[in-house]
Amino acid sequence: MKIFLYNTLSRKREEFVPIKKGNVGIYTCGPTVYNYAHIGNLRTYLFEDILKRIFIFNGYKAKHVMNVTDVGHLVSDSDEGEDKMVVGARREKKTVWEIARFYEDAFFSDTDKLNIMKPDVICRATEHIQEMKDLISKIKKNGFTYESEGNIYFEIDKFQDYGKLARRNIADLKAGSRIEVDKHKKNPHDFVLWFTKSKHGNQDMQWDSPWGRGFPGWHVECSAMSMKYLGGSIDIHCGGIDHISVHHTNEIAQSEAATGKKWVNYWLHGEFLVVDKERMAKSAGEFLTLEKLIDAGFSPLDYRYFCLGAHYSSQLVFSYEALESARNGFKNMKDRILKLRKMSSSEVFSGSVEHYASEFIKQINDDLNVPKAFALAWDLIKDDNILPSDRLTLLYDFDSVFGLGLKDLKEEIMGVPDEVMALVRDREIARKEKNWKEADLLREKIQKAGFVVKDTCVGTEIKKVV
Ligand code: AMP
Ligand code: ZN
């Protein structure tokens, strides 16, 4: 079955043709680990997870590579300000290394809770400095760089079609530039491949290089690591739409300058999650994390269900009311599935699931039309002409794409939702480990969700607050 994807590069819906038959290589830009991911970032990782799941559903062998940015991403995407890691370390009075590991763990804990599949390769920038230096040497040898005040810059005027992804020509870029003028740059859109301490003296993470002791620019890590793990040509590269004009544009320029050939065949970009008409961003001060949603009584999968309702290329407006209606929808779906499991299969049912199965793959293969596939799943749940066991089998199949854990759904104990039961179990573990502080925190979370726990000699009792 053909898969169609909207390619940002061509601005067209295209049939997917893999580089190697039956295989798909996917590179997704990962987190900059200086703070928690916000739920906007997580929306992008959810879209990428769905993409990977769709390929697996179609029988492809998927290799998904994701980087972890733990050095070199400056406060502005275009070389201005300090390294975000340095800012994070100062904020929390920790070392940059401590910050990096802490927020990397927090990130993968969030993605686990959201049922996002672990990438096949997770690669940290700080562990691939040699690969980056090798790539910079190639770009330099091919004549695309210059050195100024000890830093190595990529000269965009030397690269034909620099603006091809963002659909902007260099003249427009120059005219419309809001980038702070760096007197060392020939063109304000030139970007740094290697910084030396002449630019940021307070950088803790530094390595020796042929150009002086320093650290890599942000963009170069994605080119170097994707080439190491996926080769010089990649099927699919993804990220949020904010990456089109700077990060991905620069990634293309430096990769193709190094190899002399087309680097990525399909570029997919996810639209923003917006709150109060503003893009959710870490720089906006207060931002929503998954933990905050859990504290407000929602489960991570309620958020996943919420995101499934919108196409990845449309903006999604977040509000607690909207999340609440997603939670109700999800609860309804779970109740229906539990009911289907109990229904007798002895009656005669005339309908067949064939139409649903073929429509489903048609929808998901049409540039990830998950909202339509989702509506179809709902029709299937309600189609009383079809044998309950057949409906369930197909729904579980669909759920390998949705990732809502429908097959593992358990009967809620005395009306206690799964997410509250998970908190109760975590609290029991904390109590066993005599971690009273954690146990108290979990008790508070359980209370916030409308339940009380009582520790008895036969175990923990849980009751709904009436
Ligand atoms: P960062 O950690 O800032 O590099 O961002 C991680 C991912 O989240 C990138 O792919 C961004 O494009 C994406 N992203 C950033 N803000 C939003 C948002 N408000 N909604 C959806 N995705 C976003
Ligand atoms: Zn990247």
Side-chain angles (χ1 to χ4, degrees), residues 8 26-51 65-78 81 83-85 87-88 99-100 103-104 106-108 110-111 114 116 119 122-125 128 132 135 165 191 216-227 229-230 234 236-255 263-264 267-284 286-290 303 306-307 310-318:
T8 311
I26 306 174
Y27 185 86
T28 58
C29 293
T32 305
V33 284
Y34 72 110
N35 208 333
Y36 292 107
H38 59 60
I39 58 170
N41 302 136
L42 294 172
R43 180 190 183 201
T44 293
Y45 298 113
L46 279 165
F47 130 62
E48 294 162 346
D49 181 56
I50 297 282
L51 173 74
V65 179
M66 179 194 270
N67 65 309
V68 171
T69 301
D70 51 1
V71 67
H73 190 174
L74 303 194
V75 168
S76 125
D77 284 356
S78 22
D83 189 327
K84 290 184 178 187
M85 302 304 301
V87 176
I99 289 287
Y103 286 111
E104 182 184 316
F107 174 76
F108 286 110
D110 280 355
T111 55
L114 285 165
I116 292 176
I122 298 168
C123 37
R124 292 176 180 148
H128 295 79
M132 292 189 230
L135 189 72
L165 186 71
F191 56 93
W218 170 41
H219 317 294
V220 74
E221 69 179 78
C222 290
S223 299
M225 295 195 280
S226 66
M227 285 183 195
Y229 296 107
L230 292 168
I234 302 175
I236 303 177
H237 191 316
C238 310
I241 51 159
D242 53 322
H243 283 344
I244 297 173
S245 61
V246 180
H247 184 49
H248 290 166
T249 288
N250 291 351
E251 282 185 20
I252 293 176
Q254 67 201 2
S255 302
W263 179 44
V264 172
W267 284 93
L268 267 72
H269 290 97
E271 250 289 359
F272 288 143
L273 181 84
V274 294
V275 184
D276 295 333
K277 300 202 173 94
E278 296 277 339
R279 163 195 168 189
M280 177 155 295
K282 284 177 207 169
S283 53
E286 252 248 295
F287 57 84
L288 284 174
T289 58
L290 191 63
Y303 184 62
F306 169 72
C307 290
H311 191 259
Y312 76 90
S313 66
S314 316
Q315 281 197 351
L316 176 59
V317 181
F318 178 85

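Note that ligands are numbered from 1 as they come in the structure, with each ligand's atoms numbered from 1 the same way. Predicted, not measured: the structure shown is a model, and the values here were computed from it.
- When only interatomic distances are considered, the shortest N/O to N/O separation between G40 and ligand 1 falls below 3.5 Å.
- In this structure, of E271, E278, H243, the residue bringing a heavy atom nearest to atom 9 (C) of ligand 1 is H243.
- Closest to atom 14 (N) of ligand 1 by heavy atom, among N41, L46, V33, T32, is N41.
- Annotation: atom 18 (C) of ligand 1 to nearest protein heavy atom, F272 CD2, 3.3 Å.
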Just do the ring-ring contact (aromatic ring centres under 6.0 Å, His included) check on F287 and Y36 with the steps written out, would you? CA-CA 9 Å; F287 57 84; Y36 292 107; 7.9 Å; no

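- Considering M66, E221, H248 as possible partners of C29, the one that fulfils the side-chain contact (heavy atoms from CB on, under 4.5 Å) test is H248.
- One N or O on the side chain of Q254 and one on the backbone of H219 form a donor-acceptor pair closer than 3.5 Å.
- Side-chain N or O atoms of T44 include none that pairs as donor or acceptor with a backbone N or O of G239 at under 3.5 Å.
- One N or O on the side chain of H38 and one on the backbone of N41 form a donor-acceptor pair closer than 3.5 Å.
- Between D242 and ligand 1, at least one N/O pair is under 3.5 Å apart.
- For atom 6 (C) of ligand 1, the closest non-hydrogen atom of the protein is Y45 OH, 3.1 Å.
- Between C29 and ligand 1, not a single N/O pair is under 3.5 Å apart.
- Judged purely by atom type and a 3.5 angstrom limit, T8 uses its side chain to pair as donor or acceptor with the backbone of W267.
- Nearest-residue assignment for atom 19 (N) of ligand 1 (options H248, M280, H38; heavy-atom criterion): M280.
- Rounding to 10 degrees, one finds that the Zn ion (ligand 2) sits at the corner of an angle of 110° between E251 OE2 and C29 SG.
- Not one N/O/S atom of H248, from backbone or side chain, sits under 2.8 Å from the Zn ion (ligand 2).
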Between T69 and V33, is a side-chain contact (heavy atoms from CB on, under 4.5 Å) present by the stated rule, with each step listed? CA-CA 6 Å; T69 301; V33 284; over 6 Å; no

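- Each of L46, L268, T28 was evaluated against L51; a single residue qualifies, L268, per the side-chain contact (heavy atoms from CB on, under 4.5 Å) test.
- Atom 20 (N) of ligand 1 has L273 N, 2.8 Å as its closest protein atom, hydrogens excluded (heavy atom only).
- In the candidate list R43, R279, H247, R279 is nearest to atom 16 (N) of ligand 1, counting heavy atoms.
- Residue-ligand proximity, T44 to ligand 1, at heavy-atom distances under 4.0 Å covers atoms 10 (O), 13 (C), 21 (C), 22 (N), 23 (C).
- Atom 10 (O) of ligand 1 has as its closest protein heavy atom G240 N, 3.0 Å.
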side-chain contact (heavy atoms from CB on, under 4.5 Å) between W218 and F191: does it pass, once the steps are laid out? CA-CA 9 Å; W218 170 41; F191 56 93; over 6 Å; no

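- Atoms of ligand 1 found under 4.0 Å from any heavy atom of G239, numbered from 1 in the order shown, are 10 (O).
- Distances from the Zn ion (ligand 2) show that H243 has no N/O/S atom below 2.8 Å.
- Remark: E271 does not engage R43 in a salt bridge, criterion side-chain N to carboxylate O under 4.0 Å.
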